[in-house]
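Here is the structure we will look at, set down as structure tokens.
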Amino acid sequence: MVENDFVLNSTLKLPLEGKVSWKAPSNIALVKYWGKKENQIPANPSISFTLDACTTRTTLSYSKLNRASDNFSFDLFFEGKKKEDFKPKINTFFQRIEKYIPFLKSYHFKIETSNSFPHSSGIASSASGMAALALCLMSIEKQINPQIKNTYFNQKASFLARLGSGSACRSIEGNLIQWGDYKAIPESSNLFGVKYPFEVHPNFKNFHDTILLVHKGQKTVSSTVGHELMHNHPFAQERFKQAHTNLDTLKEVISSGDLEKFIEVVESEALTLHAMMMTSLPYFLLMKPNTLEIINRIWSFRQATKTPICFTLDAGANVHILYPEKVKEKAIQFIQDELVAYCENGHYICDRIGNGAKKISSSER
Ligand code: DP6
């Protein structure tokens with residue numbers, strides 16, 4: 001697929017009005033996307049677990065205008081309240097996707113969105129949010145052009161979501177999604193995420209991700225700025241190469257079920273991500289003292305008990321604790337006994353690997 005395959009024919013007849021709702025999950029990267037080229041093209045391939053509990057629900061109502069407007073016409077409601085400060089991000093998203101969704105200026109939209117996780121939890125909602133909105137737009141496209149197949153629907157939803165936020169392209173389907181050109185997966189693409197096509201060992205089915213909310217405030221540096229700082233970064237080229245090597249290793253691990261090696265790759269990826277931040281110019285730190293306390297506790301516990309439990313990090317201070325179903329009780333006990341104390345107000349979220357986005361409802365005229 002190339003970009004032009006995603007352009008909708010603009011001569012098709014448009015529906016008058018309607019409403020569609022989707023629920024899309026967040027995802028957690030095992031090999032991280034950090035650094036991008038123009039048009040949201042990743043500098044290296046990444047892979048993630050789709051999550052289950054952390055989701056965004058979006059309802060998109062659309063009513064056709066008498067004549068196409070010059071600007072995008074939409075109202076945005078977040079958790080029931082009008083949210084003007086989210087609008088510029090949506091506006092930029094619409095600008096980026098207009099070529100592929102030519103009906104955007106023919107409608108007035110009402111976007112109503114809410115998250116399953118608390119608003120200020122430090123969990124980025126851009127992946128699930130952009131994925132949910134992209135899926136709503138695809139439902140309208142499907143109404144205009146009913147021939148489109150499911151594969152195309154999902155691919156284009158991922159393609160659009162990517163233009164909103166890179167990692168969002170991995171939030172359409174489950175359970176393991178790979179994004180970015182990578183030689184061992186011939187169908188891989190820089191344009192959209194694909195379902196991981198190889199055998200997955202039972203160890204990685206029902207994997208858990210308990211998210212420890214270490215710092216719920218705003219991040220000091222956004223991911224978008226962080227990606228930018230990978231341009232002219234002294235270690236960038238090596239890092240991009242390393243992502244390919246880590247994917248090669250993970251491919252072996254995912255089929256063999258080797259949890260020890262899994263832990264090594266995943267923790268190294270998390271620390272490398274933060275090492276890139278610390279070695280950019282300007283440099284910055286998103287980990288907090290409690291992030292490090294948690295990491296050290298995990299290492300001690302793992303050494304003492306041989307429990308295959310590990311951590312990964314997003315671009316923030318929160319810690320994602322990953323473990324297989326078979327050690328669930330032990331892991332939860334450990335988290336409650338030793339780690340919850342390092343969470344802001346003792347808050348954490350129990351999540352697990354999930355099956356992807358779901359359509360909730362639609363009505364049209
Ligand atoms: C650290 O997808 O949030 O979570 O494309 O600028 O919106 P933009 O960035 P974003 O970056 C996510 C970075 C990451 C790693 C990952 O999810 O792969």
Side-chain angles (χ1 to χ4, degrees), residues 1-6 24-37 39-51 127 130-131 134 149-163 165-205 207 209 227 230 236-259 261-270 272-273 312 322 353-357:
M1 296 293 273
V2 294
E3 268 112 336
N4 277 340
D5 296 331
F6 292 118
S26 185
N27 69 76
I28 180 70
L30 306 173
V31 171
K32 310 287 181 183
Y33 147 58
W34 198 244
K36 59 178 160 183
K37 304 176 195 165
N39 300 326
Q40 297 285 99
I41 297 300
N44 65 261
S46 57
I47 189 166
S48 53
F49 278 146
T50 306
L51 295 180
M130 288 297 173
K149 301 264 181 307
N150 258 347
T151 326
Y152 181 85
F153 185 100
N154 285 334
Q155 259 176 15
K156 184 164 172 184
S158 174
F159 172 86
L160 297 175
R162 184 196 102 244
L163 292 169
S165 176
S167 56
C169 78
R170 301 186 312 238
S171 273
I172 306 294
E173 295 182 271
N175 314 71
L176 257 174
I177 302 291
Q178 193 272 328
W179 167 43
D181 284 345
Y182 168 54
K183 68 173 184 334
I185 300 185
E187 60 270 50
S188 66
S189 170
N190 279 339
L191 302 180
F192 48 83
V194 297
K195 268 172 100 83
Y196 182 73
F198 305 119
E199 190 196 337
V200 176
H201 188 278
N203 276 350
F204 301 109
K205 308 254 161 90
F207 226 71
D209 177 5
H227 287 292
M230 287 303 278
Q237 294 317 316
E238 278 309 308
R239 157 61 198 152
F240 300 149
K241 263 197 254 161
Q242 180 201 41
H244 288 262
T245 319
N246 281 344
L247 268 169
D248 291 342
T249 312
L250 263 193
K251 182 167 171 276
E252 297 291 311
V253 161
I254 291 170
S255 75
S256 68
D258 183 344
L259 289 167
K261 203 78 196 153
F262 175 82
I263 289 171
E264 188 179 291
V265 173
V266 167
E267 292 191 344
S268 161
E269 274 289 322
T272 301
L273 168 71
T312 187
L322 302 176
I353 189 164
N355 294 324

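Under a 3.5 Å cut-off, the side chain of Ser158 and the backbone N or O of Asn154 do not form any donor-acceptor pair. Between the Asn44 side chain and the Phe240 main chain, no donor and acceptor come within less than 3.5 Å of each other. Side-chain atoms of Asp5 come within 3.5 Å of backbone N or O of Val2 as a donor-acceptor pair. Checking side-chain atoms of Tyr196 against main-chain N and O of Gly174 turns up no donor-acceptor pair under 3.5 Å. Proximity of a side-chain donor or acceptor of Arg162 to a complementary backbone N or O of Gln40 within less than 3.5 Å is detected. Although no hydrogens or angles enter the test, the distance criterion places a donor-acceptor pair under 3.5 Å between the side chain of Thr245 and the main chain of Lys241. Side-chain atoms of Gln178 come within 3.5 Å of backbone N or O of Gly180 as a donor-acceptor pair.
The shortest side-chain heavy-atom distance between Ser256 and His201 does not fall under the 4.5 Å cut-off. Between Lys195 and Ile177, some side-chain heavy-atom pair lies under the 4.5 Å cut-off. When side chains are defined from C-beta on, Glu252 does not count as touching Lys261, because their heavy atoms never get closer than 4.5 Å. You'll find the side chain of Val266 reaches within 4.5 Å of the side chain of Leu322, heavy atoms only. A heavy-atom distance below 4.5 Å is found between the side chains of Asn190 and Pro42. Looking at Leu30 and Phe204, their side chains never come closer than 4.5 Å, going by heavy atoms from C-beta outward. Between Pro197 and Glu187 there is a side-chain heavy-atom pair separated by less than 4.5 Å. Using a 4.5 Å heavy-atom cutoff, the side chains of Phe49 and Asn175 are not in contact.
Separation of atoms OH (Tyr182) and OG (Ser188) is listed at 9.0 Å; rounding is to 0.5 Å. Going from atom OG of Ser255 over to atom CD of Glu199 covers 5.5 Å, rounded to the nearest 0.5 Å. Atom-to-atom distance recorded for Thr249:OG1 and Asp258:CG is 10.5 Å, nearest 0.5 angstrom. Interatomic distance, Ser189 OG to Phe159 CZ, rounded to the nearest 0.5 Å: 9.0 Å. Atom CD of Gln237 sits about 8.5 Å away from atom CE of Met230, to the nearest 0.5 Å. Note: Gln155 CD to Leu160 CG = 11.5 Å, rounded to the nearest 0.5 Å.
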Using ring pair (Phe, Tyr, Trp, His ring centres under 6.0 Å), reason through Phe192 and Trp179 one step at a time and then give a plain yes or no. CA-CA 6 Å; Phe192 48 83; Trp179 167 43; over 10 Å; no
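Side-chain contact annotation: Asn27 with Thr50, donor-acceptor N/O pair under 3.5 Å absent. Side-chain atoms of Thr312 and Lys32 form a donor-acceptor pair, as typed in the model, at a separation below 3.5 Å. Side-chain polar atoms of Arg170 and Ser46 form a donor-acceptor pair below 3.5 angstrom.
Note on Glu269 versus Arg239: salt bridge recorded, some NZ/NE/NH1/NH2 to OD/OE distance being below 4.0 Å.
A perpendicular orientation is assigned to the rings of Phe207 and Phe262, their planes being inclined by more than 60° (bins at 30° and 60°).
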